[in-house]
> 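Mind having a look at this structure? Questions to follow.
Reminder, nothing fancy here: chain letters follow the sequence lines and each chain counts from 1.
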Amino acid sequence: MSSPILEARAICKSFAGVRALKGVSLAVHPGEVLAVIGENGAGKSTLMKILAGVQAPDTGDLLVDGVGRSIRSVQEALSLGIALIHQELNLAETLDVGANIFLGREPHRWGWIDAGRVSREARAVLGQVGLLVDPGTLVSTLTIGQQQLVEIAKALSVKARVLIMDEPTSSLSDHETQVLLRLIRELRAKGVAIIYISHRLGEVHGIADRVEVLRDGENAGHLSRSEISHAAMVKLMVGRELSQFYPHQTHPSGEVALEVRGLRTAAYPAHAVSFEIRAGEVVGMAGLVGAGRSELLQALFGVVPALAGTVRVAGVPVIAASPRDAMAAGLALVPEDRKHDGLFLEMGVRENLSIATLHRDQRVGFLNRTKERDLCAEMIPAMRIKTPNTEQPVQFLSGGNQQKVVIGKWLATRPRVFLLDEPTRGVDIGAKQEIYRLMEELAAKGVAVLFVSSDLEEILGMSDRVLVLHEGRLNGELSRSELSEEAVMRLATGGNHSTAVAAS
Amino acid sequence: MKKIFGILGLLIAVCLVTASLSDSFLSAYNVENVLRRSALFGILSIGVAFVIITGGIDLSLGSVVCLVGCALPWLLTVQHWPVPLALLAVVALSLGIGLFHGLLITKLRIQPFIVTLCGLLLYRGIARGFTADQTVGFGNEFKSLRLLATGKVPFFPGFDLPAPLLFLAVVAILAAVFLNRTIYGRYLLALGRNPQAATYSGISTQRMTILAYVVSSGLAGLGGVLFVLDVNSAQPVDFGSFYELYAIAAAVLGGCSLRGGEGSIVGVLVGAALMQVLRNMITLVTTRNNVEFAIIGAVILLGVVADELTRRIAAKRRAAQVLQGATAA
Amino acid sequence: MKKIFGILGLLIAVCLVTASLSDSFLSAYNVENVLRRSALFGILSIGVAFVIITGGIDLSLGSVVCLVGCALPWLLTVQHWPVPLALLAVVALSLGIGLFHGLLITKLRIQPFIVTLCGLLLYRGIARGFTADQTVGFGNEFKSLRLLATGKVPFFPGFDLPAPLLFLAVVAILAAVFLNRTIYGRYLLALGRNPQAATYSGISTQRMTILAYVVSSGLAGLGGVLFVLDVNSAQPVDFGSFYELYAIAAAVLGGCSLRGGEGSIVGVLVGAALMQVLRNMITLVTTRNNVEFAIIGAVILLGVVADELTRRIAAKRRAAQVLQGATAA
Amino acid sequence: NKPAAPSVAEGEGKLKKIAFVTNGVASFWTIASAGVKAAARDLKVDAQTLMPAEGISDQKRMIEDLLTRGIDGIAVSPIDPVNQTELINIAAKKAKVITHDSDAPQSERLLYIGMDNYKAGRMCGEMVREAMPNGGSVMIFIGRLEQDNSKRRRQGTIDAILGRPDNSDHFDEISAVLEGNGFKILGTLTDQFDRAKGKANAEDALAKYPDLGCMVGLFAYNPPLILEALAQSNKLGTVKLVAFDEDDATLDGIEKGTVVGTVVQDPYMYGYKSVEMLSALISGKPGVVPSEKFLDIPARKIRKENVVEFRSELKSRLSAAQ
Ligand SMILES: Nc1ncnc2c1ncn2[C@@H]1O[C@H](COP(=O)(O)OP(=O)(O)OP(=O)(O)O)[C@@H](O)[C@H]1O
Ligand SMILES: Nc1ncnc2c1ncn2[C@@H]1O[C@H](COP(=O)(O)OP(=O)(O)OP(=O)(O)O)[C@@H](O)[C@H]1O
Ligand SMILES: [Mg+2]
Ligand SMILES: [Mg+2]
């Protein structure tokens, strides 16, 4: 085997009160895909940021081509050929797609931007990732999934020797993921070293040449190509075997809990969407990036206005002009973009968990501190939120734990209809199972659960029924018996129901 | 909480220095004066702190002080309205202004800076219009009404509490309780942190924003009433001019972040007091006052820089300890 | 771009109204005057726009105008420095101030509002100090130097371009090219909207921030020089007072978001011109100018509201059409 | 004509502390402060000038702080005499208080030093009539109109131009266009001390009234700004300019003939006399104080014939104070 292109030795890093990395080592070779996996908070992102010059390690050495380097800035990392796609989106929303792709590396002559080249090359990389928008489009008008693709295009345009991807697919659907995985294979063939982080073990299984597992800021073991299996990865990550990953059971469905008739959204006003969900049902909603799933949930929850249509919850018509109305009617929405819409990053876990229930638990306008404390005492263990204390600002939690805080906050409202938009985005396997278990429990208690997911495995594993959107249209519905990867994909790409079911 | 230690230290340092340089600083008369002025500015600063906490800004506050400060004597001495009616009118006026700002900001989504900058220009202009640029005041009348601002409450022999301090105490306690103990206070803070997430959490962000502007203008109105009762005369051209900057400076010094979501009432009070003590010091200690503002500016800047530097050194020391602990373990 | 149509419309409307009410408005003499004033304020506004684009604020600008405006005649007439040296000194002074602000904001991470508010207090105080509150001016001397501000360049017969307009043209073109065509302009915009994204892209955000404050203070210095050359005298107490608010208002009216990341130079120029045309209108059309500020405030507010409302109505109409098209299909 | 220093008993350890409080910050007050310094030196007292930068509440604060310092005497130019009566009375209980420049007649102040602004205004008006014997249109420029002295000054000017009898108790609306005596007063423009605005006012007036006959600048900095505007529109000398106070540019203009004349007060004497009177009052020599409680320091007209002499006097006083 060739010598490592990038190597980290005994890296330690601590933040105020938290030791995120305790002597982690890692090496990646040219033409190799190294998958790094681990539970939420294991230290994956921190390690990657150190490799890419975003953060400095407390102790430990970095070697590039066998030579010791101190990578102190992003610029230095880039000049060494190391590029990082961050776990969280980092785009300047007021700039256009092209400007974001080449931010910091604009082709220029004496400072003068070569706009033509930016646009040409941007179009080329956008084509590679399969995002067909004009480079002049403002980033603020793109969906999360599309923004994620912009991030990938941006990293591709670096032409890096080491490309680090921290959960690049967390908001991509299967279709886009396949495009990305093909890209990765091409890059590998060209000798690029790739570090790939994902909580979707199926992907890891399909792409990785080697797997490195982190646990609690330490190396927990590694697997060579031949050793990679779902069970082996889980065992190293969690330290035990997980039985029955999708705890799905068929539920006796009850009354109609949510009834949607002729709903039109601003994104796709041409298509009226109608469906209903019964109490105790778990319904999955699938579709490609930009299919209009998030917009639909947002309209139901009163975040964006619906152009037309009626919504009934338990038979009572609801006019949700604001989330407040929707909550009063018994709805809850776990939003797709937790950083923007779900969390108060600088506020503590307690304040984030209780914010949606303060109104219910108030004592004539005053905070009910007992209830607030009780809520923390209940949710933090129930959701297995990993936090040093209840006052820790959520910005210092790992992504998965942040997600659990958001779900916990909405669980606390005890909704009748639970809407979840990409509930397991960036969540580790253990936590995923927790969330699935929670969805099951809710359904068993008679809550109607509607979840949007781009993770096909999860859609297949958890749904009683699947609604598939294609460009804003409800293109079909699959019962559990009709469910298959093929069928969902066909409907999601515009095929019709009969051929979809027949094909599988 | 930690954030206000720096500013509190600065206040204490300035007090000690002034006391050592001037015997009169700690005289009952002077302490009463400084307390009264701090109380007046404190009321304004608490108001603007509410707006700053939501992530907004209120530049109109000095002009509201002017408008209310001119309207009250004008209504009483020129229009001969009865006292309760005139008071009611100025209260309604200032609350109405806040409501107006809040509605423009929430319903029409105009930037707070623009709305309140227009307010700054507009309200002073209105005051200049209806007074025809004439100074208005109470002359020798309305002595009992003026006691609201000039009155004193015996505290212990030889030292009385100025009446505005009592107003401030009530306002500050209400504000602190509201911010820290009620759900609406929590909503305000949350809104300042992340308006989007606040909306998603079912908080009526518009109502909370409007509330903040109403509180700000309302307290500016109260401040205006007390200021004019204290000074006894108001000139529309410069009454309350620049007060918005002092109030905002006090709030920010006291730990409010202009990015929203942060703020403590105690800090704001300390910030307001600091500005007044500095000005008092300059008149007491020096014989030239034309560099007064330069000194205030320099002291604040030095204070903030010193605060930042000590914080850094402390953080570095702590980090070193953690590291040591880690390697030792 | 779309954002500036509203304000441009407002400017044109105000011009039309004024022209119809006053014959003198379109006289060559008046147009030259308005252009000169707009140019002076335009230079300040472009400077502050740079800072606003990075998501910061510069409140010290009026005081920098004052400091430079007092320092130049003081150096020339009291200290008898040669002209080039004095000019060099004030240029260095204003750039140095910007650097100082930038360093405090980036290295010590003190809020821009605080830093520049202290600057506002400090620089005027310094000017008052070294001039001992005396008015300074050029008297009858330095006529040729003063041509920089008072000179005229023949444009077509009967109409000359005021010299400050040429300065503005150069500044505006450089600024627009810098912002839109160079990588550094791109960095500024990115930094303003998402500093983290900028850092993660390997941009030296600190250097860009410092640059913005240097540009802002530098242009304030240029403005100060031109103002004092034009007016011929400066009184440190009030020279340039409140100009920061006018400049910020012009920038924000012209489409700069105080949240950073957005701004167009053309818009800023239109904003600056609007304020000056309004003031000119009031003197030409009315016989009282004490409600001047009220009118400016009201017009800006009405303009912004009208802009917002038309935008909404248009959006609603578009939505209705789309829906109709959709349901018809 | 230096006033003789009264024989003050000195050497009791502490100097008498005297404060001279102005109504704002201006060059005018700097000249006054030269008088204060000169008197302090001559009379061996500790005298200080304070200029409130922020109007009335600032002035109040300063007086309170002075009382805190145990000041012996205060000379104040009240911004709002009627409503500040109470403040002056409070101060009068703790120290000797006199007023200068602007009086508070209902208060317990011991003396008023100053001149009658209405009369000074009339002098201005007289010069307008001299400059334009056949009448014409006039525009008035002033910093602010809300101060008592500026109102009276403007009214005096208007009344003299229109040939009205002496009557200082009325006030013409700021927006009124007044006619009489062959003159037309087109209006009064204020600038709130913003010089760029002051210049813009002059320019706008020239734009609005191409046949304007005379411009009157009533605050010290107005005439120089008007001169600038006139020079830039090539109307120097064509449009008459009548000035107030003794700015250098104004005096230059008088020498050159571009300014008809100016009316000067005597701020130096305000300062000097204030300290002198206070020092006498403090040491209990009431004989020095005029019995009518008013010390008149009259205004003077300065025209081409006496401008050179006036300038040299001013210069020597200022340099003596340094
Ligand atoms: N800036 C910070 N300040 C304090 N603690 C931090 C900070 N960044 C990360 N941490 C902590 O360091 C630990 C490792 O976090 P990291 O983001 O590297 O985890 P991760 O493996 O990427 O998890 P995930 O799969 O959820 O993304 C966590 O406990 C986290 O709370
Ligand atoms: N602010 C916006 N302005 C313009 N178009 C928008 C905006 N937000 C969403 N869209 C468009 O609306 C459509 C639906 O977006 P939505 O977010 O609902 O899709 P999605 O199925 O959830 O996809 P994703 O996985 O990308 O989130 C997309 O075509 C998108 O381009
Ligand atoms: Mg991570
Ligand atoms: Mg979505």
> Side chain, backbone, both or neither: which part of B:S241 has a heavy atom under 4.5 Å from chain C?
side chain
> Are side-chain heavy atoms of C:C70 and C:F130 found at a separation under 4.5 Å?
yes
> Which bit of B:I110 is near chain C, if near means a heavy-atom gap under 4.5 Å: side chain, backbone, both or neither?
side chain
> Counting C-beta onward and ignoring hydrogens, is there a side-chain heavy-atom pair between B:Q111 and C:S257 closer than 4.5 Å?
yes
> Would you please indicate yes or no on a ring centroid separation below 6.0 angstrom for C:Y213 and C:F100?
no
> Report the option among B:I248, B:L59, B:L309 that has the most heavy-atom pairs separated by less than 4.5 Å from atoms of chain C.
B:I248
> Is B:L245 close to chain C through its backbone or its side chain, or both, or neither, when contacts mean heavy atoms under 4.5 Å?
both
> Are side-chain heavy atoms of C:L122 and C:I126 found at a separation under 4.5 Å?
yes
> Without placing hydrogens or testing angles, list every side-chain donor-acceptor pair under 3.5 Å for residues 269-281 of chain C, not counting sequence neighbours.
{"from": "C:R279", "atom 1": "NE", "to": "C:E292", "atom 2": "OE2", "distance (Å)": "2.8"}
{"from": "C:R279", "atom 1": "NH2", "to": "C:E292", "atom 2": "OE2", "distance (Å)": "3.1"}
{"from": "C:N280", "atom 1": "OD1", "to": "C:N30", "atom 2": "ND2", "distance (Å)": "3.0"}
{"from": "C:N280", "atom 1": "ND2", "to": "C:N30", "atom 2": "OD1", "distance (Å)": "3.1"}
{"from": "C:N280", "atom 1": "ND2", "to": "D:D204", "atom 2": "OD1", "distance (Å)": "2.7"}
{"from": "C:N280", "atom 1": "ND2", "to": "D:D204", "atom 2": "OD2", "distance (Å)": "3.4"}

> Quick check, are the ring centers of B:F113 and B:H101 under 6.0 angstrom apart?
no
> Taking side-chain hydrogen bond (donor to acceptor under 3.5 Å, both in side chains) as the test, write out the residues that go with B:S60, two or more places apart.
B:D58
> Please state whether the side chain, the backbone, both or neither of C:R109 comes within less than 4.5 Å of a heavy atom of chain B.
both
> Under the side-chain contact (heavy atoms from CB on, under 4.5 Å) rule, collect the residues that match up with C:T205, sequence neighbours excluded.
C:L191, C:A198, C:T199
> Suppose a student defines contact as a heavy atom less than 4.5 Å from any heavy atom of chain B. Which residues in residues 294-305 of chain C would they list?
C:A294, C:I296, C:G297, C:A298, C:I300, C:L301, C:V304, C:V305
